Colleague: 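I am attaching a structure below and will ask some questions about it afterwards.
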Amino acid sequence: MSSPAPPHPILRFAPSPNGRLHLGHAYSALVGWHAARAAGGTWLLRIEDIDPVRSRPEFVAGIEDDLTWLGLDWPRPVLQQSQRLELYANAAGVLRDRTFLYACFCSRKSVAEQADGRDPDGAPLYPGTCRHRPADEVVARLAQGEPVQWRLAMDRAIRSTGPLRIDFIPGFERHGRLEAHASRPADPARWGDVVLVRKDVPTSYHLSVVIDDADQGISHVVRGQDLEAATDLHVLLQALLGLPHPVYAHHRLLVDSSGEKLAKSRGSQSLSGLRAAGWTPEDVRRQLGFSAESVPPSP
Ligand code: GLU
């Protein structure tokens, strides 16, 4: 299957400001920026800072600084998820009113102990302990202010939407084009009853990301393969909330010399570190396969 790119594709790069960017982020940003530029589209930066503990303002500034240094540009203002918590809470309210969410009082520890297998990220699959709690018990526990998270009633959600498909661009890497795409069936069930509203913030990565992609008119989600499985859940949430489905393109992940995926948590060398060691933006681009001559002209 193949379909033309929309007249004005809109892409986004959506880092979480919990550390400095490394080469893997630079690859993702460059892949998206070049694809948008080549198609006469727009590339947006979005700051995914819903986590109040791990997100830090100095990392937001660092992200903008690193991307500018790399030679990338984007329209402003930049959407920052921490400014939109009320909006996400409202969407969760809609899902809750339609009984697609249920209250869960379980601790992380108890879920790990009773896990019913693993989700695609390797996290314990929720065994459904709170799924059928009597309404009066839930009301009483909520009234007492017990910490609560809200989970998606996956079976019910899938029954309501019926089978869904994901439009994607296979093998999307540097100089990937936005035109040709394929489609595959979505399999959200393997995520089980995921948390859509966390105990500490009135949203979750999965909920915020589908709302923002819709609000920003994202036509193509270009991101790493580590988020490919999350797409199955994202198209389900889009269907439940009546949001459009973007086309997805998941690029390869950069690995270090021991074959491990680059990660801030593993101390992978940051762009700012490379810069301090004397690397130029051209060195980074060349290292990632983007030569100076390959920059398409501005539309
Ligand atoms: N904020 C996510 C991350 O830093 C990316 C989300 C996305 O591209 O959908 O891994």
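As the structure lists them, so they are numbered: ligands from 1, and atoms in each ligand from 1. Every value quoted in this text rests on a predicted model; they were computed, and no experiment measured them. If you read the sequence from its start, that first residue is 1, and numbering goes on from there.
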Colleague: Starting at CG of Leu11, measure out to OG of Ser219 and round the result to the nearest 0.5 Å.
Modeller: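 It comes to 5.5 Å.
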
Colleague: Establish, yes or no, whether a centroid distance under 6.0 Å links the rings of His181 and Phe172.
Modeller: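 Ring centroids of His181 and Phe172 are no less than 6.0 Å from each other.
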
Colleague: Give the atoms of ligand 1, by number and element, whose distance to some non-hydrogen atom of Val209 is under 4.0 Å.
Modeller: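 Those of ligand 1 that fall under 4.0 Å from Val209 are 9 (O).
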
Colleague: What are the atoms of ligand 1, with element, lying closer than 4.0 Å to any heavy atom of Arg12?
Modeller: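 Under 4.0 Å from Arg12, ligand 1 has these atoms: 7 (C), 8 (O), 9 (O).
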
Colleague: For the aromatic rings, using the six-membered ring if either is Trp, is the centroid distance between His132 and Tyr102 under 6.0 Å?
Modeller: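 Aromatic pair excluded; centres sit 6.0 Å or further apart.
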
Colleague: Provide the number and element of each atom of ligand 1 under 4.0 Å from a heavy atom of Tyr205.
Modeller: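 In order of number, 6 (C), 7 (C), 9 (O).
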
Colleague: For atom 10 (O) of ligand 1, what's the nearest protein heavy atom and its distance?
Modeller: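 Ranked first by proximity to atom 10 (O) of ligand 1 is Leu227 CD1, 4.2 Å.
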
Colleague: Just how far is it from atom CG of Leu288 to atom CG of Asp283, taken to the nearest 0.5 Å?
Modeller: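 With rounding to 0.5 Å, CG (Leu288) is 11.0 Å from CG (Asp283).
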
Colleague: Could you tell me the separation between the CG atom of Leu178 and the CD1 atom of Ile169, rounded to the nearest 0.5 Å?
Modeller: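 It comes to 5.0 Å.
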
Colleague: Nearest 0.5 Å, what's the CG-CG distance between Asp193 and Asp155?
Modeller: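 Here the interatomic distance stands at 7.0 Å.
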
Colleague: Could you check atom 5 (C) of ligand 1 against the protein and tell me its nearest heavy-atom contact, residue, atom and distance included?
Modeller: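 Residue, atom and distance for the closest contact: Ala14 O, 3.3 Å.
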
Colleague: With heavy-atom distances below 4.0 Å as the criterion, list the atoms of ligand 1 near Arg223.
Modeller: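 Taking each heavy atom of Arg223 in turn, ligand 1 has 7 (C), 8 (O), 9 (O) under 4.0 Å.
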
Colleague: Nearest to atom 6 (C) of ligand 1, what protein heavy atom do you find, and at what distance?
Modeller: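 For atom 6 (C) of ligand 1, the nearest protein heavy atom is Glu48 OE1, 3.2 Å.
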
Colleague: Using a 4.0 Å cut-off to any heavy atom of Pro15, which atoms of ligand 1 qualify?
Modeller: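 With Pro15 as reference, the close atoms of ligand 1 come out as 4 (O).
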
